[in-house]
Amino acid sequence: MLSYTVRRLGYMIVNLTLISIVCFYIINLPPGSFIETYSTQLDAAGSPASQAQLDYLTARYGLDQPLYVQYWNWIVPLVTQGDFGYSFEWQQPVWTLLADRLWLTIIFSIVSMVFVYAVSIPVALYSATHQYSFGDYSVNLLGVIGLAVPNFLLALLLLVGSAKFFGVTPTGLYSPQYMNAPWSWDKFVDLLIHLPVPVVVVGLAGTAATIRILRSQLLDEFQKQYVITARAKGVPERRLLMKYPFRVALNPIISTAGHLLPEIVSGSTIVAIVLGLPTIGPLLLRSIIAQDTYVAASSLMMLGVLTVVGVVMSDILLTILDPRVRMNRTN
Amino acid sequence: MSTSVIQPTDSIESTTAPLLEIKNLRVVLPILEGDLVAADGVNIQIKPGKTLGLVGESGCGKTMTAQSILQIAPKIAKTSGQILLHYADRPPTDIVALGKNDPELLRIRGGECAMIFQEPMTSFSPVHTIGNQLIEAILLHRTSDKKEAREIAIAMLDKVGIPAPAETLKKYPHHLSGGMRQRAMIAMALSSRPRLLIADEPTTALDVTVQAQVLRLMRDLQRDLGMAILYISHDLGVIARMADEVAVMYMGSIVEHAPVRELFRSVKHPYTKGLMGSAPRIGKKSGEPLATIMGNVPIPINKPTACGFFPRCPVGIAGICDQVVPPLVEVAPGHKSACFRYPQVLAAAGLESGTTNE
Ligand SMILES: Nc1ncnc2c1ncn2[C@@H]1O[C@H](COP(=O)(O)OP(=O)(O)O)[C@@H](O)[C@H]1O
Ligand SMILES: [Mg+2]
C-alpha cells in the first residue's frame, strides 16, 4: 500500500512536469507575443510605442530567447522558490494575482463537489430503490434538464430572475465592502452567503450526471448474485442496500471524483465570468487573450495540479476501499 | 388416490410430516412480451432430512421456484399459491403471504432455510472479506456475541474442509478458488443450522473433480447435521447421486415425480426419458453422439392449454396432448407422471382411455 502510494506520487511528479511543458508550449502557440499585443493596444489608443521601447521590453522579459530557455526561466524559480514569474499585463508578481483566486477556486470546487454528492447520492438511492415510480421518473426528467441546460444560461437566468424578483444580482463571491478586505470571520460568512448560487449553477450538471451514473450502477448491482446471497441469508433490506450494492456502486463514483474536480474548475470558467467570480478561470481567459505568458502558464499549471491531485487522491482512496483494485495495484 | 397400494419405503406421501410444502405455486413474470409463467402450479413436498432433487433443462423454472421459497425472486415476479413451512410445535407459516419486511421472513431466510447458488465467483460481495460475510450470517441467526460468532465461523470453515480457517476469514473472495468459495458458501449457509438447504446448481460452475468433492461434502454434512436439501440441477447424473426423491420440471410444471431408484428403474414421462438420453454416461462409446431432445425449451409466454412438451414429444397424441393440460397423478405406486400415455392421467383429466388410438 505504502509502496503503491509512493509510486503513484512519483508518477504524479512526472505527470506535472509533462503538463508544465505542454502548458507552456500551448500558451506560446498563437503567433505574436505580449509585446505585439501590447503595442497594438497602444496603437489603437493613439500613442504608439517606439521600437526601442518595445525591444527593451522584449529583452527584459526574455521574449527574444528560444522557447525552451523561456520555459527554463519560468520553471526553475517556480520549483525552487515558488516564484511564478511576473505578469506583463498587471505589472505584478503572478503569485500575487493567483494566490487569492487559487484559494477561492479550491474552496469553491470543494464546496461544489460536496454539493454534488450531498444531493446526488440520496437522490440516486431513492431513485434506484423506487425504479419506475413517479419519483424516479421525475428525477430522470430533472436530470435530463440538468444535463441539457448549459450552466452559463442557468447563471444568466438566475441573475435575471433574482434581479427582477429580489432586486439583487448575486454576482461575485463577496459583498463590495469585503472585496479587498483582509480575511476575517465576517468576510468568511459573507463568502458562505454568496456561495450557493454559483455552487448550484456549477454543480447542477455534475449532480445530474452523478445521479444517472449512481442510479444505473445501483440498479446493476441489485441484480448481482451477491446481493441475492445477502438477502437470502436474512439481511434486512435497508442494511443490505447500504452495505452491499451501495458500497460497490460507490467505487466508480470515487474513481471519477478526481475527474469531477477539474470538470468543476474548468466548467466553471464561463459561469465565473457571467457571475463575476474571482476564481482562476476568468484570470486564465484574460491572460490568454493578452498573451500574458506567465500568468496563463501558471494558471493552467494550477488547474493541472488540481486535476492531477484530484485523480491521485481518488485513486488512492479507491485502492483503500476496493480490495480487488488493491490486489491488482499493490502486486 | 389410493394410499393402500403404496409401499411405505418407496412412497412419496409417506407418514413423515413434510418440512416444506409447496402448494399450487405460480410465479408470473410480467415482461414486455407478455406474462412469462416461470412456475405453473407446482406442488412439491420436502421431508425433514431428505433430499429432493429438482431437475429440468435450463429455463424450466427451477430457480424461480427455489427463490420463491425465500421470497428472493426478481421484484417483478408475481407469486401465488402457498409455501408452507411446518414446525413441530406450532402451525405452519405460509411464506408467500409474508410481507417483505416481516421479521418472520428475515428469520426464515438464512435461518430456517438457507440457500447456496450456482456462481461461486459472484455469490460473495467482492469488497467484503469472507469472514465479514460469514460472521454476518452467524450474528443474524445464531448469536449476538461477536467473539463466539467468530469461533463458530472458524469451526464451520473447518467443517467444510477449508484449510487454515482463521486466515481464510481475513481473505477476500477473489483470493479463493471456485471450489473453496463454494465450500465457504456452504459453511455460511449451514452456519445457522437450517432445517432446509436449497442448493441451486451448486456444482454446475465447478470442474468435475471439484464437483465430486463438493457433492460428497454436502452428503456428509447432511448426515452430520440432518438438514433437508432441495437439490436443483439440470444434470440427472448429479441428481441420481444426491437425491432421495426426484421431481422433473418442464416449462414451469412438475411432469414426473418419484423416488430416485424407482425413477431410474422405470421412467414414466417422455421428457425424463429425453433427459436421460442426453446425459453423458460412462460406457457410452466416445464419438457416439448424445441423444438430445428435439427442439429448444420454449419461452413460457402465452402458454397454450396443452401439454407443454407436445411440440417436442416423440410420442405425443394429437387431439389430446395438444388440447388438454395433463394433470400430475400417480401412475404406479409412489410414481407420479403427467403424460396422457397413462390411462390414470387420462382419467384424471376426465378423458376415457378408449380415445387413445395411436
Ligand atoms: N429476471 C428475470 N426476468 C425475466 N424473465 C426471467 C428472469 N429470470 C428468469 N426468467 C425466465 O423465467 C423462466 C424460468 O427461469 P429459471 O427459473 O431461472 O429457470 P432454471 O433455473 O430452471 O434454469 C425462464 O424462461 C427465464 O427466461
Ligand atoms: Mg437456474
Side-chain angles (χ1 to χ4, degrees), chain A residues 1 125-133 135-136 214-215 217-255 314 316-331, chain B residues 63 66-67 69-76 100-130 132-134 136-141 170-175 181 184-185 188-192 194 197-198 200 205:
Chain A
M1 189 63 224
L125 277 172
Y126 171 86
S127 205
T129 49
H130 296 76
Q131 194 187 9
Y132 303 138
S133 69
D136 182 37
L214 189 55
R215 175 181 175 276
Q217 195 75 29
L218 280 169
L219 289 174
D220 250 21
E221 294 301 324
F222 288 168
Q223 315 281 333
K224 296 268 174 79
Q225 185 56 56
Y226 73 91
V227 175
I228 300 174
T229 307
R231 186 171 294 129
K233 75 185 183 192
V235 182
E237 283 300 315
R238 185 172 282 266
R239 195 168 113 204
L240 181 118
L241 172 69
M242 297 314 282
K243 179 172 175 183
Y244 294 100
F246 178 62
R247 175 71 178 66
V248 176
L250 214 50
N251 284 345
I253 300 296
I254 292 167
S255 62
S314 62
I316 291 178
L317 197 60
L318 187 66
T319 314
I320 293 170
L321 287 176
D322 194 328
R324 292 165 301 178
V325 177
R326 185 157 69 232
M327 182 171 78
N328 287 336
R329 286 184 178 165
T330 50
N331 289 351
Chain B
T63 296
Q67 291 190 341
I69 299 173
L70 295 180
Q71 261 199 36
I72 55 171
K75 235 183 186 173
I76 53 163
K100 76 177 169 95
N101 288 317
D102 197 314
E104 174 79 356
L105 180 65
L106 297 182
R107 200 183 56 77
I108 291 173
R109 280 181 183 164
E112 295 281 348
C113 309
M115 187 157 177
I116 58 178
F117 302 89
Q118 177 168 349
E119 288 297 331
M121 304 302 275
T122 53
S123 295
F124 282 105
S125 156
V127 300
H128 297 90
T129 58
I130 298 287
N132 179 321
Q133 300 178 63
L134 174 52
E136 178 179 45
I138 297 168
L139 288 173
L140 282 167
H141 300 291
K170 284 182 238 140
K171 289 191 176 156
Y172 286 92
H174 58 258
H175 292 131
R181 238 178 283 187
M185 194 72 207
M188 185 160 89
L190 297 184
S191 65
S192 63
L197 175 68
I198 304 166
D200 189 357

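In what follows, every chain begins at residue 1, and chains take the letters A, B, ... in the order their sequences are listed. All of these numbers come straight from a predicted model, not from anything done at the bench.
Contacts of Met188(B) with chain A are made by side-chain atoms alone, with heavy-atom separations under 4.5 Å and no backbone atom involved. Using a 4.5 Å cut-off between heavy atoms, Gln118(B) makes no contact with chain A at all. Only the backbone of Phe124(B) comes within less than 4.5 Å of a heavy atom in chain A; its side chain stays farther off. Neither the backbone nor the side chain of Asp102(B) comes within contact range of chain A; no heavy atom of the residue lies under 4.5 Å from a heavy atom of that chain.
Considering CD of Gln217(A) and CZ of Phe246(A), their distance stands at 11.5 Å, rounded to 0.5 Å. Atoms CG and CD, on Leu218(A) and Gln131(A) in that order, are 11.0 Å from each other to the nearest 0.5 Å. Rounding to the nearest 0.5 Å gives a distance of 11.0 Å between OG1 of Thr129(B) and NE2 of His175(B). Note that the CD1 atom of Ile130(B) and the CE atom of Met185(B) stand 9.5 Å from one another [nearest 0.5 Å].
Note: Ser123(B) leads Ser191(B), Ser123(B), Pro194(B) in heavy-atom pairs under 4.5 Å with chain A. With respect to chain A, the highest number of heavy-atom pairs below 4.5 Å among Asn101(B), Ile108(B), Leu140(B) belongs to Leu140(B).
At least one donor-acceptor pair under 3.5 Å links the side chain of His141(B) to the backbone N or O of Arg109(B). Judged by distance alone, the side chain of Arg324(A) and the main-chain N or O of His174(B) form no donor-acceptor pair under 3.5 Å. At distances below 3.5 Å, at least one donor-acceptor pair connects side-chain atoms of Gln133(B) with backbone N or O atoms of Ser125(B).
Partners of His128(B) according to the ring pair (Phe, Tyr, Trp, His ring centres under 6.0 Å) rule, which considers only residues two or more places apart in sequence or in another chain, are Tyr244(A).
Looking at Leu105(B) and Gln71(B), their side chains come closer than 4.5 Å, going by heavy atoms from C-beta outward.
Residues from residues 222-231 of chain A that place a non-hydrogen atom less than 4.5 Å from a non-hydrogen atom of chain B comprise Gln225(A), Tyr226(A), Ile228(A), Thr229(A), Arg231(A), given in numerical order.
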